[in-house]
Every structure is written in structure tokens, then in C-alpha cells.
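One structure, pasted below without further comment.
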Amino acid sequence: MGCDVHASDLNPIAAMLTWGAFNIIGASKERRAEIEAAQKRVAAAVDAEITRLGIEHDKEGNRAKAFLYCLETRCPRTGWMVPMAPSWVISKTRNVVAKLVPEQAAKRYRIEVVSGVDADTMALAEQGTVQGGRLVHPMNPERSGVEIRTIRGDYRDADGVSRNRLRLWEKGDFVPHRDDIFQERLYCIQWITKESLNKGRQETFFREVLPEDEARERQVEAIVRDNLADWQDTGLVPDMAIAPGDKTDEPIRTRGWTHWHHLFGKRELLQFALFNAEAHKTEFANVLDLTLCRALDWNSRLCGWRGPAGKENNAHVFLNQALNTLWNYTSRSFETIDTLLISVKKTYKIPASVSVEPRAAVDCKFISDIYVTDPPYADAVNYHEITEFFIAWLRKYPPVPFDGWTWDSQRTKAIKGTGEDFRRDMVAAYAAMTRHMPDNGMQVVMFTHQDAGVWADLASILWAAGLRVTAAWNIVTETESALKEGNYVQGTVCLVLRKRLGATNARRMEIEAEIEEAVAAQLARLNALDDAWHERANAETLYTDGDLTLAAYAAALQVVTAYSSIDRQPLDRDLYRKLGKGERTMLRDLVDYAAQVANSLLVPEGFPREMWRDLTAPERFYVRMLDMEAKGSAKVADFQNFAKSFAFADYAELMASTTANAASLAGASDLKGRMLDGDGFAATPLRQVLFAIWKTMEGKERDPKRGVTLLKAEYTADYWQRRQKLIALAEYVEKKTARTRPDESAAAQELAEALKLDRV
């Protein structure tokens, strides 16, 4: 667009990524060619050194592609050394498994790698030696095994703090000590055949570890041991300690790792030290720092092997926003590292001036017409902690222009948390940007959160910063996935903000009416977009129910932030104090009201629209959650959120389970003859249909006549008038319980058919 840009983020990794967007993707074609050439020269130099060392080639000239490692520990019941892995499947595509062969004299297992095994052997290999937090192995007569927390020596100290007996690694460590609880073992290597090394399509095979492979492991270990201290002094390898935190406690607690280089095996340390040394010889060291970060994410002790999932490669560290320690992990050979080099097929040269620096939003300096922010909220992601994974590698001798930045995550300055201090910091940041924006300026806030309370806080924060929401758009950022079934969201809400220049008051009753109109209009726009998308592309759904609920929240913010007060009360009256448990605020009530309006308009898939309007709150909750269960939702938070949206406080009586991640509705067999008298759900046709389904199932054989008779007795003269609705309810239950409760689904189908065939 030709606009001058000032980009800032307190975290240097975020700032570096923005710098890369402007200076790599935004570079000219000529500059891009120079960057790619520099990357290839550095990779070639490192590859030549590794080839000279002979640590990735066997005597036949084959080259390693991946090294598969596992932890190993001594079983306290048997004294055997046991390799640890949740699965011994190496490749589902080629039926390759690792087999544990007992060696009685040594009380340890030899690990054989066998290819082309039968289905029974594959199934057996799926059960590894780590099962449900327990160590299970063939030579232990107690088939339930030993709890790993027992092996680790978990206990609580006098202050009630969780601790264990793991030795804390020291700065000079990079492999376990001989007497450590957890040892490390190479158990398989994936090789590229010599003949296919330089071909576009390489041929690979898996082989167990031979004595010559173990000799190369010792060679790598010796190289790292001889050079680690020098590498750390010169910044080629981290020497930074891991600071405790919500996410960074994990490697300390579960492995005893205390420094960031402990998260990398000896081969990764050697590769990256060589890469860093070559990179800092070039004028493109800044770009190569980004290349290094990409490689770090794909080659560490936190990278699992994905063979059991039907893929012959490794996962990367940040599959989620955490530091997940593993029982077995993968180390890539340098042969595969060149696939991680930054390659951008298209360039978009930026004609304007760009300034990128790590700076807190509250320290905003420049007057800007447009601000775009992606704020943190509710500790969804602890970026200030997990980015230290990268900062540790870059902080000591950063190249230009990174050398002028503060290479620290600055945890103490990061805006984090959910309490009143967090809200105060957020107001300060957005108020600073508002002060540095002209009256006709604009801010765009990208926001995704499913908690109505979080949206209520956001409303008060933006209001207190002198801003009002003038528009909101749901941008689809993800597509449907079987891994994300349930009440998930596919998009991000982009809130458009402008200064609130007037001073107007509104009455609560008027606000609720405006919210109704705004929510209806917003959902109508999104549904129209969804319909147009289907007609044009015949593709997947653009917006889930979760997305549409977020749209309702955004519509509520658009209404309430337009006013300087509601019932003569400022919107930030509860912003700077700690709320009592269960305490409600006016803004929270209004955001919840928006969700209720949305849910009254959002008809679950497959449910008759004309019937939805007539349902009571308990019925709407049950019908909605049948749909959510059918989509895979099992989080109790989903049930709680919809219960709040439908103003149905007694939702728990309709639940079979309220376990955090295994929540479920009470089906016909769970309810049986309960809740048939009184008001609420008991007085609804849906409850009678569920009872009729249970009667159909009752006994040795299903008999829908029992269900029909029950409904006739319940509704007597009204039965024939209600019959079509009863059929529709039974058919809906049939469809939505097909996966979760198949017996109930079959009974519902038979009941619906019997009702259809019933005649006067």
C-alpha cells in the first residue's frame, strides 16, 4: 500500500519474525536470490564437515536420514534395564517394528528392527513399555508394571511442593550420567541408500543399531564434550539456564534439564554449532538466524517420531504451545536439514520505509493512523516463556540489526495473567496507542476466545482506553479437521476500533434491544457469506457454531463501547478491582445476553427450524449438546458455556458425566424413569420421547410399540396433533447418537418408524 510501517513487540523473537516478513518476503527478487545462495553455501560447508567426520555414513556409503532414540531406565521390581516408548511401531506404511529381545545375563533388552511383519505383530508393537504412566515390560511378572512416578521418586516436601529424585543436570552436561535414573539409547536408524542419495526420490530403509553405529555415537559425544565449553563461550551453543515458569517447569521437573541446550541431543548440538559458526561468517547472519530457529523447532529432544501415525518423519517441537518431554524422540541428520532452509517462491517488495524494534506497546512513540494488535489473554499462550527456547541460541552474539535489541523474554514486563493487574496493563497499552492516533485513526484488534467473561473484560479495557468498536469481522484462519471436532473455532475476530469522542448515556433496556439487532445482523451477514461460499466452491463450512458465538460477543462490544455510560455507570467501574467468586458484572451480563440471542438464532444442524423457536431452555440445551456430542465435543467447559448461554442453571441433572475432558449427556438409558414429573425438562416432549426410547430398549428385545403406547397415554387426545413433532424429535436423537450411543440410536429409529406407521 506504500505506507510507512513501525512494528514493535516486547519479545525479540516476535520482532525478528516481523523483520523477516519485511526483509525476506518483502525483499526484491535479486536480494532473495542472494539470501538463498548464502543459505546453500552455509549448508554445503556444514554438510562437507559432517561428511568428513563420517558420523552420518555407514561403511556401504548409505547416509542416515533419522536417528531414533528412547529413554531407558532400571525397573525397581526386576532390576532390568528397560527401553521406554509408548509404541514400538516404527513405520505403519512398511510394517516395521522394534522388538525387545531379553538378554538374561545382562538383564537388559536387545532391540531388533524387523520389517514387513504381520498384522498381529504390528498390533503387539503398538503397546510399548510406557502405558498409562507405568513402565510395563515382558520380564516383569506383574503385568500392571511400575508407576513411572515411583521410578522418578516423586514426593512432596515439607512445604507441600512436588519434587522428585532426578539429578539436576549441570551446565556442562549434554548426555545423562551413568547413574542417572533416565538413560538415553539409540534404537533404530533410518538410512538413505547410497544409490539414491542425489536423486529427487530417495529410497530408505530401517535398520537396528550395529556396533559401528554405536562407535559413531561415541565419536559425536567425544566431539561435543571436547568443544561444548568453547561453543558456549562463543555463543554457538546456549549456556542459558531455564527459568522456572508455567511451561518451562516441565523439562526441569520431568527430566532434570536445567539449561536450554539440554533440550538438544549431541547430534543436534554439533549440527547447530557448525551451522552457527558458518552463518556468522556471512553478511546474511541475520537471515540465517531465522533459518536456525526453523531448524531448532524440527530437531531437538522434543521432536517425536511419527511412524506409528503412518508417516515416516518427525514432528516439530511446537505442535502446541508447550515444551513436551518425550519418552522417545527423533534426531534428523544434516542430510535433511536443507529442507528447512527458508524458501519463498514469491516476493512482495515493500516500497515504504519500515522500522522494526522490540518495544512494549505502552512505550509507543510514533503517531500512526492505523494500529494492528494481537493481544494476549487469559494466559492462553505463555509466549514470554516458550520463546526462550530460541532466545537462548541467539542472545549472546546477535548480528545487525538484532545486536541493538534486548535479547531477553522480559518476563517481568510481559502483559500476562487474568486479574486486575493484567487488565490495568492492557488499558495502559491501548491508551498509549490511542494517544498516538489522530481522531480519525483506527485500530484493528485480532481476538479469539470462547469465554464470555474474557470478552466482557475486553469491552471494559477498550472502553477505558477511550476506544469503541465500530465493526467486527470473522476471518477464517483454519479449515475443518477431524482433530478439532467439538465447539472449536475456525477463525479470528478482527475488531475495528476508533476513538470514542462523544459522551452519551444509554439505558440497560435500550442496550439489550440494540444487542438483539446487532447480533441478528452480524449472524445474517456471516450466514450469507457461508451460503455464498457453499454455492460457489461447494466446500466446507466457513463458520462453526463457536465462530458465530464469537461474532455475537463482538456485536455486543460494538453496541456497549459506543456509549460513555450505561444507566449513568461507567463501563470500567469493575475493571480495577478483584471480583468475588461467582460475582457478575453488568458487562458480563450483556455479553452473556448476546450469546443467548445468538443461540436462539442458531439452529443445530439437522433440527427443524420451525420447532427450535418453541423449545424451552432445557430442551435447547439438550438438543444443542446432542449436536455437539455428535461432533466430538467432550469438554465440560462446552456444556457449561452453552448452559450459560441458554440460561439453564440446572444443566448438571441432564449430564451422565461432568469430567473435565470426558463430559457427556445423560442418554435415554441413563435417565430411565427419572425426571418425569414437575416443571422444566420433565414437562417437555423431548423428555417423553427419551422415555419412550428407553421403553423401546427395555427388555430382552427392542419393541417400539411400548414407546408408542407410552406417548399415546401421555398425550391422549393431543397425541395425533403432536405426532409429527414426536417423530422429528426421535429422528433427531437417532441421528445424533449414532456414534455415541448406537443402541439408543437404533431404538430411536425404530420408535420414529413405528410412530410414522401408527394410524387411527
### Message
So does Asn661 get a backbone contact from the side chain of Thr659, meaning a donor-acceptor N/O pair under 3.5 Å?
### Response
no

### Message
Walk me through whether Thr737 and Glu744 qualify under side chain to side chain donor-acceptor pair (under 3.5 Å).
### Response
CA-CA 7 Å; Thr737 58; Glu744 180 174 327; 4.7 Å; no

### Glu312 and Ser91: side chain donor to acceptor below 3.5 Å
yes

### Query
Do you see a donor-acceptor pair shorter than 3.5 Å between the side chains of Thr193 and Ser196?
yes

### Check: Phe272 ring centre within less than 6.0 Å of Phe334 ring centre
no

### Task
Please determine which of Asn328, Ile90, Ile189 meets the side-chain contact (heavy atoms from CB on, under 4.5 Å) test together with Leu68.
Ile90

### Message
Within the structure provided, determine whether Asn140 and Cys75 are in side-chain contact (heavy-atom separation under 4.5 Å).
### Response
yes

### Query
Is it true that Trp327 and Phe182 have ring centroids separated by less than 6.0 Å?
yes

### Heavy-atom pair of closest approach, residues Ile13 and Asn11
N-OD1, 2.9 Å

### Message
Distance check, rounded to the nearest 0.5 Å: Leu296 atom CG versus Leu302 atom CG?
### Response
11.0 Å

### Task
Would you check, one step at a time, whether the test salt bridge (charged side-chain N to carboxylate O under 4.0 Å, His left out) holds for Glu278 with Lys281?
CA-CA 5 Å; Glu278 290 296 328; Lys281 296 176 185 177; 3.2 Å; yes

### Task
Run the numbers on Tyr187 and Trp88 for ring pair (Phe, Tyr, Trp, His ring centres under 6.0 Å), then give the verdict.
CA-CA 10 Å; Tyr187 69 92; Trp88 292 112; 5.3 Å; yes

### Task
Locate the shortest heavy-atom distance separating Arg332 from Thr336; write the atom from each residue and the value.
CB-OG1, 3.3 Å

### Query
So which heavy atom on Pro308 is nearest to which on Ser87, and how close?
CG-OG, 3.9 Å

### Query
Between Lys194 and Glu60, is there a salt bridge with N-O shorter than 4.0 Å?
no

### Task
Check for a donor-acceptor pair, side chain of Thr73 on one end and backbone N or O of Ile181 on the other, with a separation under 3.5 Å.
yes

### Task
Could you tell me whether Glu217 and Arg185 make a salt bridge, using a distance below 4.0 angstrom between a side-chain N and a carboxylate O?
no

### Task
Answer yes or no: is there a donor N or O on one side and an acceptor on the other, between the side chain of Arg108 and the main chain of Met81, under 3.5 Å?
no

### Message
Measuring from atom CH2 of Trp298 to atom SG of Cys293, what distance do you get when rounded to the nearest 0.5 angstrom?
### Response
15.0 Å

### Query
Out of curiosity, Tyr329 OH to Leu71 CG, how far, rounded to the nearest 0.5 Å?
8.5 Å

### Message
Against the six-membered ring of Phe174, is Arg225 placed for a cation-pi contact (under 6.0 Å from the centre, within 45° of the normal)?
### Response
no

## Note on the structure
Here the pair of heavy atoms bringing Thr78 nearest to Lys107 is O-NZ, 3.2 Å

### Task
Give the minimum heavy-atom separation between Ala279 and Ala285, together with the two atoms involved.
O-CB, 3.6 Å

#### Entry: Passing option when Trp393 is tested against Phe264, Trp231, Trp260 for ring pair (Phe, Tyr, Trp, His ring centres under 6.0 Å)
Phe264

### Message
With a 4.0 Å cut-off on N to O distance, would you call Asp47 and Arg63 a salt bridge?
### Response
yes

### Query
Asp173 pairs by side-chain hydrogen bond (donor to acceptor under 3.5 Å, both in side chains) with which of His261, His262, His259, Arg167?
Arg167

### Task
Would you confirm whether Glu72, through its side chain, and Met84, through its main-chain N or O, come within 3.5 Å as a donor-acceptor pair?
no

### Message
Salt bridge check, Glu250 against Arg255: does any charged N sit closer than 4.0 Å to a carboxylate O?
### Response
no

### Query
For Gln321 and Ile386, what are the C-alpha separation, side-chain angles and deciding distance, and is it a side chain to side chain contact (heavy atoms under 4.5 Å, CB included)?
CA-CA 7 Å; Gln321 289 79 30; Ile386 60 178; 4.0 Å; yes

#### Entry: Short side-chain to backbone donor-acceptor contact, Asp180 and Pro176, under 3.5 Å
no

### Steps toward side chain to side chain contact (heavy atoms under 4.5 Å, CB included) verdict (Thr740, Ser664)
CA-CA 9 Å; Thr740 55; Ser664 62; over 6 Å; no

### Query
When the ring planes of Tyr109 and His137 are compared, do they come out parallel, tilted or perpendicular, using 30° and 60° as the limits?
perpendicular

### Task
Could you tell me the separation between the CD1 atom of Ile35 and the CG atom of Asn286, rounded to the nearest 0.5 Å?
8.0 Å

### Message
Using the rule given for side chain to side chain contact (heavy atoms under 4.5 Å, CB included), can you reason through Gln219 versus Leu53, listing the C-alpha separation, both sets of side-chain angles and the distance that settles it, and then say yes or no?
### Response
CA-CA 9 Å; Gln219 180 186 354; Leu53 292 171; 4.3 Å; yes

### Query
At what distance, to the nearest 0.5 angstrom, does CG of Leu290 lie from CG of Leu17?
6.5 Å

### Task
Would you kindly say whether Thr254 and Thr325 are connected by a side-chain donor-acceptor distance under 3.5 Å?
yes

### Task
With the side chain counted from C-beta on, respond yes when Phe275 and Leu292 share a heavy-atom pair under 4.5 Å apart, and no when they do not.
yes

#### Entry: Glu388 vs Ser409, side chain to side chain donor-acceptor pair (under 3.5 Å): CA-CA, chis, key distance, verdict
CA-CA 6 Å; Glu388 291 169 1; Ser409 64; 2.5 Å; yes

### Message
Can you tell me which residue among Arg301, Glu268, Gln271 is in a side-chain hydrogen bond (donor to acceptor under 3.5 Å, both in side chains) with Ser331?
### Response
Glu268

### Ring-face cation contact, Tyr155 with Arg165, 6.0 Å cut, 45° max
yes

### Electrostatic pair Glu49-Arg52, nearest N-O below 4.0 angstrom
yes

### Task
Please check if atom CG in Asn198 has more than 12 non-hydrogen atoms from other residues, nucleotides or ligands closer than 6.0 Å.
no

### Pair Lys65 + Glu335, salt bridge at N-O below 4.0 Å
no

### Task
Answer yes when Asp239 and Arg395 have at least one side-chain N-carboxylate O distance shorter than 4.0 Å, and no when they do not.
yes

### Message
Check Lys247 with Glu385, please: is the shortest side-chain N to carboxylate O separation under 4.0 Å?
### Response
no

### More than 12 heavy atoms of other groups within 6.0 Å of Lys635 NZ
no

### Query
Step by step, would you call Leu263 with Phe389 a side chain to side chain contact (heavy atoms under 4.5 Å, CB included)?
CA-CA 9 Å; Leu263 275 62; Phe389 177 89; 3.9 Å; yes

### Message
Between the side chains of Glu112 and Arg110, is the shortest nitrogen-to-carboxylate-oxygen separation below 4.0 Å, so that they form an ion pair?
### Response
yes

### Heavy-atom pair with the smallest gap, counting every atom of Gly256 and Leu166
N-CD1, 3.9 Å

### Query
So do the side chains of Trp305 and Lys311 get within less than 4.5 Å of each other, counting heavy atoms only?
no

### Query
Within the distance-only criterion (no hydrogens, no angle test), does the side chain of Arg267 pair as donor or acceptor with the backbone N or O of Ile55 below 3.5 angstrom?
yes

### Rounded distance (nearest 0.5 Å) linking atom NE2 of His280 with atom OG1 of Thr234
9.5 Å

